[in-house]
Amino acid sequence: MNIDGWIPRELILGAEALSKVPEEFVLQHPTNGNPPTLFLALRDLISKLKKEKFAATEARDISVFLDRAFVRLEAWFKWFNTTQAGKEMGSYYWHGRDTATTRELNPKTLSSGLDDYPRASHPSEDERHVDLRCWMHLAADSMHSIAELLKMDKDIKKEYSSTAKLLSDFELLNKMHLDTANGAYCDYGNHTEKVQLTWKIVETGSNYPRRELVREVLEKPVLQLVPHLGYVSLFPFILRLIPPDSQILESQLDLISNKSILWTDFGLRSLSKTSSMYMKRNTEHDAPYWRGPIWIPLNYLIVSSLHHYSQEPGPYRERAKTVYNELRSNLIRNIVGNYKRTGYLWEQYDQKKGKGKGARLFTGWTATVLLIMAEAYHEV
């Protein structure tokens, strides 16, 4: 962590490592943040402390750790809450998108962790990213819980409580991000669907011009909800900001279980088949990454929330349970089947045939399948 509270992602060190990583992943900027996923683990610890699931010595050690870590967690939170804030109160956007690209179909959002997942076609300070807003609610709520647990000054508790309350305001969330036509949550920004990659002859300053794929904008962008349905559309569901009796929860279950949108027999695809960016290359050399393939960490979070809503009293409890059981079975069957055939856990899985893709020996987030098998989900 630097003095401002910024934490970089993993560092790419050494010639061998550098040779295997695209150039844009190497350089890091202290203006750009990455998802504060550590708060998922902290919230789980706090929940289990409150429910007295730890032995006395374990509980004491965790409390000591949280007390010592608080000053750094606070710096980290405040860095996010100031540098990534949007124009509207309670809005946030991922920094670092290329506003001047002439090569990318849709400028990547590397800092979000979802790389080429389509956002607004024209990056600007007017953007509102629904996934970051949800991460910030998780962070504020966790900080408030830690402050309460440690019996900190009431002003500190009040500061985090008010931020968490603002970001859990369901009406405000819906006003900013809900597409009422389909009950899905969307980013907001300067956007047009009329963008394409076109082969053009590009002068290089030498005697040999090159033929390259160049971004072409055919329509002036306007401020609007970004009409791409996928993992980002489910973040309020993932982080459980939707009341269990809300009809929007039913719409989210429809979105999850619709075979024409996200559902496959192997897990949920990252981007809807109806999206104009579905399985589209982002540049001449960048194949689709988060534009269709199945990623296990997001499926784990979705399954976890399905399990949560299947336990909550409300009109959609049984529906959530049915979808949960089917999705859980599909994920386990496909990952185990691939492991038996290849001996590997894979980075991602093909949405058409379920075949493992990308990096193998990927026993990081794909190993969350063990948590799915054990029905061991993060708590609130």
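Residue numbers count from 1 along this sequence.
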Could you tell me whether the side chain of [X] and the main chain of [Y] form a donor-acceptor pair under 3.5 Å?
X	Y	answer
Glu347	Gly356	no
Arg291	Leu271	no
Asp141	Ala164	no
Ser304	Tyr300	no
Asn330	Gly267	no
Arg269	Pro293	no
Asn338	Asn334	yes
Trp6	Asn32	yes
Asn282	Asp116	no

Partner of Tyr309 by ring pair (Phe, Tyr, Trp, His ring centres under 6.0 Å), out of Tyr316, Phe237, Tyr324
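For Tyr309, the ring pair (Phe, Tyr, Trp, His ring centres under 6.0 Å) check succeeds only for Phe237.
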
Do [X] and [Y] pair up side chain to side chain, a donor and an acceptor below 3.5 Å, judged on atom types alone?
X	Y	value
Glu193	His228	yes
Tyr185	Asn174	yes
Trp94	Asp131	yes
Tyr160	Glu74	yes
Arg97	Thr109	yes
Arg360	Thr366	no

Can you confirm whether more than 12 heavy atoms, excluding those of [X], are under 6.0 Å from its [atom1] atom?
X	atom1	result
Lys357	NZ	yes
Lys353	NZ	no
Lys157	NZ	yes
Gln311	CD	yes
Glu219	CD	yes
Ile3	CD1	no
Glu125	CD	no
Arg72	CZ	no

Spacing of [atom1] belonging to [X] relative to [atom2] belonging to [Y], to within rounding of 0.5 Å:
X	Y	atom1	atom2	value
Arg9	Phe25	CZ	CZ	7.0 Å
Met176	Ser91	CE	OG	5.0 Å
Leu371	Ile296	CG	CD1	12.5 Å

Answer whether the closest heavy-atom distance between the side chains of [X] and [Y] falls below 4.5 Å.
X	Y	result
Asp254	Asn258	no
Arg210	Ile201	no
Leu49	Ile146	no
Glu375	Arg328	yes
Val195	Asn106	no
Pro227	His191	yes
Val303	His307	no
Glu159	Asp155	no

Among the clusters formed by ILVMFWY side chains lying less than 4.5 Å apart, do Tyr117 and Leu262 turn up in the same one?
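As far as the 4.5 Å side-chain criterion goes, Leu262 and Tyr117 are connected within one cluster.
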
Just do the side-chain contact (heavy atoms from CB on, under 4.5 Å) check on Arg319 and Ser257 with the steps written out, would you?
CA-CA 10 Å; Arg319 174 87 187 284; Ser257 58; 3.1 Å; yes

If you look only at distance, which donor and acceptor atoms sit under 3.5 Å apart when one is on a side chain in residues 56-68 and the other is two or more places apart or in another chain?
| unit_1 | atom_1 | unit_2 | atom_2 | d |
| --- | --- | --- | --- | --- |
| Glu58 | OE1 | Ala55 | N | 3.0 |
| Ser63 | OG | Ala59 | O | 3.0 |

In sequence, state the C-alpha distance, the side-chain angles, and the governing distance for Tyr377 and Asp44, and then conclude on side chain to side chain donor-acceptor pair (under 3.5 Å).
CA-CA 9 Å; Tyr377 306 116; Asp44 201 54; over 6 Å; no

Which label fits Tyr93 and His95: parallel for a plane angle under 30°, tilted from 30 to 60°, or perpendicular past 60°?
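Aromatic pair Tyr93/His95 classed parallel.
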
Show the numbers, then the answer: is there a salt bridge (charged side-chain N to carboxylate O under 4.0 Å, His left out) between Lys20 and Glu16?
CA-CA 7 Å; Lys20 298 177 180 179; Glu16 183 179 358; 3.6 Å; yes

Under the ring pair (Phe, Tyr, Trp, His ring centres under 6.0 Å) test, residues paired with Tyr278 that sit two or more places apart
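Ring pair (Phe, Tyr, Trp, His ring centres under 6.0 Å) check on Tyr278 returns nothing, list empty.
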
By the definition salt bridge (charged side-chain N to carboxylate O under 4.0 Å, His left out), identify the one residue from Lys108, Arg103, Arg281 that meets it with Asp286.
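The option that passes is Lys108.
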
